[in-house]
Amino acid sequence: MIASQRYEKIVEMVEKKGIVNTKEMARAMDVTETTIRRDCEELEKQGKLIRVHGGAKRVGEGSHPSEKEEKDFWGSQEHYEEKCQVCKRAADFVREGDCIFLDEGTTTVLMLQYLKGKSIKIVTHNLLVAEAFREMDLDAELFLIGGRYIKEFNMSVGPVALGDLSRFNFDHAFLGCAGVDMDRQVAYTTEVETMMIKEKAMSQSSENYLLMDSSKLTMKGFYSFRKTKDFDAILCNDCEALRQMDVPENIIVI
């Protein structure tokens with residue numbers, strides 16, 4: 001499909017649904033999400049849509065997505081409701097004037113909506129957070145960590161990122177994970193450089209929280225980065241499997 005055909009299809013989808021995520025558009029046109037993001041950037045310049053974090057929305061009178069459209073859009077994420085429960089509870093720990101670290105992944109992005117009205121400083125290497133921050137009316141300041149960009153995870157890593165992180169002191173660090181093994185009491189990450197960022201952020205923070213939805217209870221990464229006891233709290237949504245496990249004392253079930 002050539003660019004002009006994609007443009008027409010993208011505009012059609014956005015006009016019909018109000019708001020559409022990048023993954024859905026890429027799947028519909030059998031192209032990469034990077035291609036769709038470039039297309040949406042061009043279409044925004046033409047005034048045919050408005051880019052938002054993770055997708056695009058229609059323009060013009062009544063262009064603000066309805067509550068249902070917003071839920072359908074974010075709901076394209078797996079385990080959306082569970083992640084929201086966890087993020088809402090996590091935001092309760094944040095107080096006015098705090099400096100917090102938000103880790104890589106999609107869960108921490110959802111936390112932003114629960115930080116509205118709080119005058120805080122947010123530090124992250126997660127470009128998904130930066131993209132979402134641009135579209136939201138927050139009282140917070142955002143500090144984006146530099147470094148080598150990993151497009152698969154939309155984040156920065158490496159020596160530059162670690163050097164930048166070492167200059168901050170966090171009140172709270174909110175960490176994600178690839179999975180947790182409750183038998184071994186360890187949290188997993190997807191790759192080594194991600195682990196190094198997590199470790200550095202935790203060493204710079206007064207309190208550290210692991211955010212996870214219940215699907216992570218059955219997932220393992222190839223690299224374990226911390227024992228579950230190393231977190232001040234682990235936040236997870238309630239589920240039947242969790243009730244049958246020998247869970248650590250520091251877990252908060254939502």
Side-chain angles (χ1 to χ4, degrees), residues 1-60 62-84 87 102-113 124-136 142 144 147-157 176-179 189-191 193-194 197 211-213 215-216 219 221-222:
M1 185 179 292
I2 62 175
S4 60
Q5 292 174 316
R6 294 198 306 272
Y7 294 167
E8 184 177 342
K9 180 66 174 177
I10 289 170
V11 172
E12 178 186 333
M13 292 178 71
V14 170
E15 287 295 323
K16 180 179 179 180
K17 293 191 173 185
I19 183 168
V20 188
N21 68 73
T22 302
K23 184 176 295 186
E24 182 180 352
M25 290 186 280
R27 187 165 52 245
M29 281 162 267
D30 195 26
V31 295
T32 66
E33 292 181 35
T34 300
T35 297
I36 293 296
R37 281 191 283 269
R38 285 198 298 262
D39 288 348
C40 287
E41 183 176 357
E42 176 58 33
L43 288 168
E44 185 176 51
K45 291 177 182 178
Q46 297 177 18
K48 295 182 178 179
L49 53 75
I50 299 172
R51 287 185 299 157
V52 297
H53 161 65
K57 68 179 182 179
R58 60 173 174 249
V59 297
S63 64
H64 185 72
S66 67
E67 184 177 340
K68 181 180 184 302
E69 289 169 338
E70 286 278 11
K71 184 175 180 180
D72 288 346
F73 173 73
W74 285 107
S76 64
Q77 285 197 36
E78 289 187 319
H79 313 290
Y80 166 75
E81 296 289 351
E82 293 89 343
K83 290 179 180 180
C84 282
C87 287
L102 294 183
D103 196 14
E104 51 89 17
T106 57
T107 300
T108 52
V109 178
L110 294 174
M111 189 172 168
L112 287 178
Q113 63 191 306
T124 188
H125 67 309
N126 185 348
L127 272 72
L128 293 175
V129 169
E131 291 171 7
F133 185 90
R134 182 183 61 182
E135 305 297 333
M136 302 181 73
L142 180 69
L144 190 59
R148 184 172 66 83
Y149 177 63
I150 300 183
K151 64 181 180 180
E152 290 85 0
F153 301 107
N154 217 354
M155 66 179 180
S156 55
V157 297
C177 64
T189 186
T190 52
E191 47 104 55
E193 285 187 300
T194 303
I197 294 290
L211 310 184
M212 54 180 282
D213 64 82
S215 70
K216 300 293 178 66
M219 298 172 65
F222 89 102

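Keep in mind that the numbers below use all heavy atoms, side chains included, and drop hydrogens, waters and symmetry copies. None of the values given here were measured: they were computed from a predicted structure.
Between Arg38 atom CZ and Thr32 atom OG1 the span is 6.0 Å, to the nearest 0.5 Å. Note: Met219 CE to Lys216 NZ = 6.0 Å, rounded to the nearest 0.5 Å. Here CZ of Phe222 is found 8.0 Å from OG1 of Thr190. Values are rounded to the nearest 0.5 Å. With rounding to the nearest 0.5 Å, the separation of OG1 in Thr22 from CD1 in Ile10 is 9.0 Å. Rounded to the nearest 0.5 Å, atoms SG (Cys87) and CG (Leu112) are 9.0 Å apart. Taken to the nearest 0.5 Å, the CG atom of Leu127 stands 11.5 Å off from the CD1 atom of Ile150.
Residues meeting the side chain to side chain contact (heavy atoms under 4.5 Å, CB included) test with Arg6, sequence neighbours left out: Met1, Ala3, Met29, Val31, Thr35, Asp39. Not a single side-chain hydrogen bond (donor to acceptor under 3.5 Å, both in side chains) links Thr124 to another residue, sequence neighbours left out. In this structure, the side chain to side chain contact (heavy atoms under 4.5 Å, CB included) partners of Lys151, at least two apart in sequence or on a different chain, are Tyr149.
Under the 4.5 Å side-chain criterion, counting only non-hydrogen atoms from C-beta, Glu82 is not in contact with Ser215. Here the side chains of Ile50 and Arg58 are not in contact, with every heavy-atom distance at 4.5 Å or above. In this structure, Glu41 and Lys45 have side chains that are in contact, with non-hydrogen atoms separated by less than 4.5 Å. Using a 4.5 Å cut-off on side-chain heavy atoms (C-beta onward), Lys83 and Thr106 make contact. Counting heavy atoms from C-beta on, the side chains of Leu102 and His125 never come closer than 4.5 Å. No side-chain heavy atom of Val14 sits under 4.5 Å from any side-chain heavy atom of Lys48.
Scanning all heavy atoms of the two residues, the minimum distance from Ala130 to Leu142 falls at CA-CD2, 3.8 Å. Taking all atoms of both residues into account, the shortest heavy-atom contact from Ala56 to Cys40 is CB-SG, 4.1 Å. Across every non-hydrogen atom of Cys84 and Leu110, the tightest pair is SG-CD1, 4.3 Å. Between Tyr7 and Gln46, the closest heavy-atom pair is CE1-NE2, 4.4 Å. Contact between Gly47 and Val59 at its shortest, heavy atoms only, is O-CG2, 3.6 Å. Taking every heavy atom of both residues into account, Thr194 and Glu104 meet most closely at CG2-OE2, 3.4 Å.
Side-chain atoms of Glu44 come within 3.5 Å of backbone N or O of Arg51 as a donor-acceptor pair. No donor-acceptor distance shorter than 3.5 angstrom exists from the side chain of Asp213 to the backbone of Tyr80, with no hydrogens or angles considered. Although no hydrogens or angles enter the test, the distance criterion places a donor-acceptor pair under 3.5 Å between the side chain of Asn126 and the main chain of Asp103.
With a 6.0 Å radius and a threshold of 12 heavy atoms from other residues, nucleotides or ligands, Glu15 has its CD atom above the threshold.
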*Apply the test side chain to side chain contact (heavy atoms under 4.5 Å, CB included) to residues Glu131 and Asn154: give CA-CA distance (whole Å), side-chain angles for both, the deciding distance (0.1 Å), then the verdict.*
CA-CA 10 Å; Glu131 291 171 7; Asn154 217 354; 3.5 Å; yes

